[in-house]
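Note that the structure is a prediction, hence the values are computed from the model and not measured.
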Protein chains: 2
Amino acid sequence: MLNKESHVKRDEISNLTTRRLSIYLRCLQTLEAAGVETVSSHEMAEQFHLNSAQFRKDLAYFGEFGVRGVGYRVPDLKHHLIRILGLDRRIRMAIMGAGNLGTALAGYGGFNTDNLKVTALFDTDPDKVGRFLRPGLQIHHVSALNPFILGHPVHIAVLAVPTMVAQEVLEQVAAAGIRSVLNFVPVRLKVPAGVRLQSVDLKVQVESLVFHLPREGEDGQALVDHKGKDPILHTV
Amino acid sequence: MLNKESHVKRDEISNLTTRRLSIYLRCLQTLEAAGVETVSSHEMAEQFHLNSAQFRKDLAYFGEFGVRGVGYRVPDLKHHLIRILGLDRRIRMAIMGAGNLGTALAGYGGFNTDNLKVTALFDTDPDKVGRFLRPGLQIHHVSALNPFILGHPVHIAVLAVPTMVAQEVLEQVAAAGIRSVLNFVPVRLKVPAGVRLQSVDLKVQVESLVFHLPREGEDGQALVDHKGKDPILHTV
DNA sequence: TACTGTGAAATCTTTCACAGCA
DNA sequence: TGCTGTGAAAGATTTCACAGTA
């Protein structure tokens, strides 16, 4: 099977691999923008601080995309990754919660590219409901979620609501038929059946940095990664 | 050794464990607020969707905090975790980049609690430099980082700058003596020696949800986690 | 020759299952 | 008795090292 995406059980691909695929895609976009046509796994590893064997193995779950003795054609591999990740279709996102964070996320470049789009925000604050963040991007009342979805399918909900109501909103979102949720609320949620929840817990991230901070009297040299391990994705 | 924090090489504790400690602390705070005095590992697991053996093992790296036959005293364990995580001292954070995201993070509750404080933002935009986000929280010019730090030590820098300048700002931050960095910029950074970098890549998080979205013609039932695995922290 | 693709080994992480203690 | 603390087993992930091929 040459240069062909094989059919693979997607649920058998680990999350770690999935996240790296997304990083590989970004690296390839950088290379393409720089006019690079061909890249070997070693060059990728060198330039982007990756592991070359891991790169090859991650790709191998999906097919054979390289040319032995040469490497990978950058535009080809990029397109394969776009297809593998499912970024070859329009993905519509709704943000639940139009506070500080929800509003910032609505404007985040990474959520508004090519085929990814934030299409609406939902809140319950009467001062916010009805307002437009920018042309075409309005804040609706949470109770309008179901009718909105009928006219404008939503693939991913982003949870950026107050902790108190997070569980409730998650259940509303699930009941509305949204099966993928990116959660920013720092709380342990009960995940409704059939829903995939990806949590980004900013406080946990900070606290794990605090854990490694040198304590009084220590000199902090121990921070250097003594094994020389690449920091990819055990940091994410 | 009873009820005593043992000395353990902090660098031998895995990141996964570290992140869970932070979650355990939050759960205990919830229990304490509810007036619960004592909790067993099984009750913790039940209530917060954790794994009881993992909970016990994570704690065991640091000492013996429980009482056999009984469980853990909630306030005691909470205090132990605060000490273990290093949250028993004032931690000062600076945010590099006063755009959408940087500004939202400056106001994020999880970064402004008890002993964690955002103490300044840094940007280069003349329209922003000098402004106050709120009393006591000012935006400074990036070139003022070194003098600022002399008067107000900073333990953690948060990187929320444009992709183009991320590497440069990371190096400035490192040169200023800040050894811990929480990075929000979606790029593979070269990590200066002695610096600990924790990356939060929002685009990667979304794309890994997209990967699992049902494709045209599929019915998406496969989204249910067939092994019944608990979603803790392979989702974070 | 210089690379990819890949089994096999090494390492890391979770889970089991039970000895031992309050 | 009912729990913790913990070795040992199982499982997941990374890394090695090389056969195979353009």
Side-chain angles (χ1 to χ4, degrees), chain A residues 1-6 8-9 11-21 24 37-46 49-74 76-77 80 225 227-236, chain B residues 1-6 8 11-21 24 37-46 49-74 76-77 80 225-236:
Chain A
M1 190 183 303
L2 183 66
N3 249 346
K4 182 94 182 59
E5 284 167 37
S6 65
V8 110
K9 292 224 194 78
D11 295 345
E12 287 170 9
I13 302 298
S14 102
N15 247 283
L16 297 161
T17 294
T18 312
R19 300 211 290 251
R20 282 190 301 259
L21 292 176
Y24 300 155
E37 306 240 301
T38 292
V39 71
S40 73
S41 60
H42 287 279
E43 286 161 356
M44 280 286 284
E46 169 84 10
H49 322 108
L50 305 163
N51 176 301
S52 62
Q54 191 165 59
F55 175 76
R56 296 198 300 278
K57 194 158 264 243
D58 285 337
L59 295 178
Y61 291 121
F62 300 95
E64 308 197 352
F65 307 116
V67 183
R68 286 167 203 243
V70 178
Y72 302 85
R73 297 248 331 126
V74 171
D76 291 0
L77 186 54
H80 279 296
D225 199 341
K227 281 190 197 156
K229 275 184 87 170
D230 188 284
I232 183 176
L233 279 186
H234 59 126
T235 75
V236 172
Chain B
M1 191 182 304
L2 183 66
N3 248 346
K4 183 93 182 57
E5 285 166 38
S6 64
V8 111
D11 294 345
E12 287 169 10
I13 303 298
S14 100
N15 247 283
L16 296 160
T17 294
T18 311
R19 301 211 290 249
R20 283 191 300 260
L21 292 176
Y24 300 155
E37 306 241 302
T38 292
V39 72
S40 73
S41 60
H42 286 279
E43 287 162 356
M44 279 287 284
E46 170 83 11
H49 322 109
L50 305 164
N51 175 301
S52 63
Q54 190 165 59
F55 175 77
R56 297 198 300 278
K57 195 157 264 246
D58 284 337
L59 295 177
Y61 291 122
F62 300 95
E64 306 197 355
F65 307 116
V67 182
R68 284 166 205 245
V70 178
Y72 302 84
R73 299 247 332 123
V74 172
D76 292 0
L77 185 54
H80 279 297
D225 197 342
H226 51 82
K227 282 189 194 155
K229 274 185 87 171
D230 188 285
I232 182 177
L233 280 186
H234 58 127
T235 74
V236 171

Report yes if at least one side-chain N or O of B:N51 is closer than 4.0 Å to OP1 or OP2 of C:dT15; otherwise report no. yes
Side chain of B:V67: nearest nucleotide among D:dT15, C:dA22, C:dT6? C:dA22
Please report the closest heavy-atom contact between B:S52 and B:S41, naming both atoms and the distance. CB-O, 3.5 Å
Mind calculating the distance between CZ (B:F65) and C1' (D:dC3) to the nearest angstrom? 17 Å
For the pair made of CG in A:L16 and C1' in D:dG11, what is the distance, rounded to whole Å? 14 Å
Which residue, A:V70 or A:Y61, contacts DNA chain D at a nucleotide closer to its 5' end, judged by nearest heavy atom? A:Y61
Quick one, A:Y72 and A:R56 - any side-chain contact, counting heavy atoms below 4.5 Å? yes
Output yes when at least one side-chain N/O atom of B:Y72 is less than 4.0 Å from OP1 or OP2 of D:dG5, else no. yes
Report the distance from atom CG of A:D58 to atom P of C:dT4, rounded to the nearest whole Å. 14 Å
Given atom CD of B:Q54 and atom P of C:dT15, what is their separation to the nearest angstrom? 6 Å
When rounded to whole Å, the CG to P distance for the pair B:L77 and D:dC3 reads 16 Å
Nearest whole angstrom, please: distance from the P of D:dC16 to the CZ of A:F55. 17 Å
The reported gap from CG in A:D58 to CZ in A:R19 (rounded to nearest 0.5 angstrom) is 12.0 Å
Answer yes or no: side-chain N or O of A:R68 and base N or O of D:dT21 forming a donor-acceptor pair under 3.5 Å. no
Side chain of A:K57 (C-beta onward), nearest among D:dA22, C:dA8, C:dA22: C:dA8
Which part of the nucleic acid, if any, lies within reach of A:T17 when heavy atoms closer than 4.0 Å are counted: base, sugar-phosphate only, or nothing? nothing
So do the side chains of A:L77 and A:Y24 get within less than 4.5 Å of each other, counting heavy atoms only? no
Can you find a side chain N or O atom of B:S41 that sits less than 4.0 Å from OP1 or OP2 on D:dT4? yes
What is the separation between atom CG on B:D11 and atom C1' on C:dC12, rounded to the nearest whole Å? 16 Å
Checking contacts here: which listed nucleotide (C:dT4, C:dA22, D:dT13) is nearest the side-chain heavy atoms of A:S40? C:dT4
Grab the CD1-C1' distance between B:I13 and C:dT13 for me, whole Å please. 13 Å
Of the listed nucleotides (D:dC18, D:dT4, C:dT15), which one gets closest to any side-chain atom of A:R56? D:dC18
With a 4.0 Å limit, can you tell me whether B:R20 has a side-chain N or O closer than that to the phosphate oxygens OP1/OP2 of C:dT14? yes
Determine the interplanar angle of the B:F65 and B:H80 rings, folded into 0 to 90°, and report it as parallel if under 30°, tilted if 30 to 60°, perpendicular if over 60°. tilted
